[in-house]
Every structure is written in structure tokens, then in C-alpha cells.
Amino acid sequence: MINIDSQQKFSDESLLERAARLTLEISTPLLADLEAAPVDCDMTIVLTDDAQLHELNREFLGVDAPTDVLSFPSAEADPETGVPYLGDILISIPRASQQAQAGGHSVEAEAQLLVIHGTLHLLGHDHAEAEEKARMWKAQADVLERLGLSHVKIQDS
């Protein structure tokens with residue numbers, strides 16, 4: 001189950017769920033304990049603001065600045081069902097809106113990109129090293145293409 005916690009107004013949350021599900025369906029996880037992307041899993045997507053992401057970025061990553069998306073992977077499973085809980089993704093909707101405007105596409109497309117990016121992080125992908133980044137950007141591009149959003153590009157970090 002993909003839970004969406006809307007602390008900010010967003011026009012169509014089903015687009016975000018679709019982006020997460022498609023990422024799970026077609027992406028290969030890099031976490032050692034996941035043999036395949038767990039399509040039957042739980043995760044939470046929180047739609048929030050710059051202030052919350054700034055605070056979390058400072059607290060958990062030591063970066064005193066807001067950001068567009070943060071992912072918090074989990075290695076837990078529901079004790080009753082055994083369904084894995086992948087973790088939480090937090091997205092700054094105001095920042096997504098700014099990036100969408102700068103990129104010339106809709107905030108819905110930008111938010112889908114950020115969900116894909118966050119979901120890949122939950123699956124163990126990273127972009128700290130050039131090889132890792134190339135693999136992650138390829139996975140993002142594959143999902144974006146399947147969603148009909150190949151024109152949307154992530155802000156290079």
C-alpha cells in the first residue's frame with residue numbers, strides 16, 4: 001500500500017502512486033536483502049514544504065538548506081502480514097512547483113519525477129559516485145519514458 005500524506009495541496013495524488021508503483025515494477029533494487037523490487041510493499045509519500053525538508057536535511061544529512069526530496073529507507077516488515085515497509089519519501093511541493101516552472105513542465109510531472117527518484121533511493125540506488133549516478137539516472141529515465149514524461153529531467157545535484 002502506498003500511503004500519501006498531503007500536508008500541501010496537490011491536484012492528483014493517483015499520479016504519484018502510479019509513478020511509485022511503476023518504479024517498483026520495472027526497477028532492480030540494489031539493497032542486498034531485496035531479491036526483486038517488492039511490488040507488494042508499503043511506503044509513505046509525504047507532500048510537505050521547504051521548512052520541513054530543510055529541518056530534516058539539516059538533522060539527518062548535515063545540510064543546512066532545503067531540498068526537493070528526501071528518502072528514508074526502512075528494513076521493517078509488518079509483523080502480521082510480512083509485507084515489507086520500504087520507507088518514507090518527503091517532497092517539497094513549493095520547491096517542486098519552482099523546479100517545474102524552471103523546467104517548463106507541470107508540477108504534477110515534477111512531483112512524479114521526485115517520487116521516482118525517492119523510490120529508487122528506497123530500493124538502494126544512489127548518485128554519490130558517477131557510476132551509481134549513471135545507473136540511477138537511467139532507471140529514472142526508463143520510468144519517466146513509460147509514464148510519457150521523457151521530457152522531464154531531474155535537477156542535477
Side-chain angles (χ1 to χ4, degrees), residues 1-5 10 13-48 50 52-63 65-78 82-93 95-96 98-100 102-103 105 107-157:
M1 171 184 266
I2 297 172
N3 303 301
I4 299 179
D5 177 1
F10 190 77
E13 294 175 4
S14 70
L15 294 172
L16 305 180
E17 184 173 344
R18 182 170 179 247
R21 287 200 186 286
L22 189 56
T23 305
L24 293 170
E25 288 173 14
I26 70 173
S27 297
T28 303
L30 297 181
L31 296 176
D33 58 342
L34 297 176
E35 293 179 20
V39 176
D40 184 22
C41 67
D42 292 338
M43 61 189 284
T44 300
I45 300 168
V46 180
L47 306 179
T48 188
D50 278 354
Q52 185 172 16
L53 267 76
H54 187 156
E55 180 181 329
L56 293 169
N57 208 15
R58 180 176 53 240
E59 182 178 343
F60 290 98
L61 298 177
V63 178
T67 189
D68 52 3
V69 61
L70 288 173
S71 298
F72 295 94
S74 172
E76 302 296 320
D78 184 306
V83 174
Y85 186 77
L86 284 186
D88 303 326
I89 300 169
L90 290 92
I91 296 172
S92 169
I93 294 300
R95 186 156 302 266
Q98 292 169 354
Q99 290 175 180
H105 51 262
V107 68
E108 291 82 7
E110 183 73 19
Q112 288 174 88
L113 169 62
L114 296 174
V115 166
I116 294 164
H117 187 85
T119 302
L120 288 170
H121 275 302
L122 295 182
L123 292 171
H125 289 262
D126 200 359
H127 46 86
E129 303 294 328
E131 186 178 318
E132 295 172 332
K133 181 176 177 178
R135 187 171 35 241
M136 186 171 181
W137 263 234
K138 166 93 172 74
Q140 286 175 166
D142 291 347
V143 178
L144 287 166
E145 184 175 342
R146 295 270 302 269
L147 290 171
L149 298 172
S150 58
H151 63 285
V152 179
K153 305 294 182 215
I154 192 145
Q155 302 292 317
D156 207 6
S157 53

Please list, chain by chain and in numerical order, all residues satisfying side chain to side chain donor-acceptor pair (under 3.5 Å) with [X], sequence neighbours excluded.
X	answer
E13	S6
Q52	T48
D5	Q7
D88	Y85

Pairwise salt bridge (charged side-chain N to carboxylate O under 4.0 Å, His left out) hits with a residue in residues 136-150, at least two apart: K138-D142

Heavy atoms from other residues, nucleotides or ligands near CD of E129 exceed 12 (cutoff 6.0 Å): no

With heavy-atom distances below 4.5 Å as the criterion, would you say the side chains of [X] and [Y] are in contact?
X	Y	result
V115	T23	no
H105	H151	yes
R58	E55	yes
H121	M136	yes
L147	L22	yes
L90	L56	yes
L122	F72	no
L114	L16	no

Donor-acceptor contact below 3.5 Å, side chain S71 vs main chain G118: yes

L144 and L113: CA distance, side-chain angles, deciding distance, side chain to side chain contact (heavy atoms under 4.5 Å, CB included) verdict: CA-CA 7 Å; L144 287 166; L113 169 62; 3.7 Å; yes

Worked verdict on M43 versus T119 for side chain to side chain contact (heavy atoms under 4.5 Å, CB included): CA-CA 9 Å; M43 61 189 284; T119 302; 3.5 Å; yes

Full working for side chain to side chain contact (heavy atoms under 4.5 Å, CB included) between D42 and L86: CA-CA 6 Å; D42 292 338; L86 284 186; over 6 Å; no

Residue pair A77 / G82: nearest heavy atoms and the distance that separates them: CB-O, 3.8 Å

Stepwise side chain to side chain contact (heavy atoms under 4.5 Å, CB included) test for L123 and L24: CA-CA 8 Å; L123 292 171; L24 293 170; 4.1 Å; yes

Separation between CG of L149 and CD of E108, rounded to the nearest 0.5 Å: 10.5 Å

Ion pair R21/E17, N-O distance below 4.0 Å: yes

Donor + acceptor pair across side chains of D68, S92 (<3.5 Å): no

Distance-only side-chain donor-acceptor flag, H117 / H127, under 3.5 Å: yes

Residue of the set Q99, R95, Q98 for which side chain to side chain donor-acceptor pair (under 3.5 Å) holds with E110: Q99

Residues in side chain to side chain contact (heavy atoms under 4.5 Å, CB included) contact with N57, at least two apart in sequence or another chain: L61, V63, T67, L70

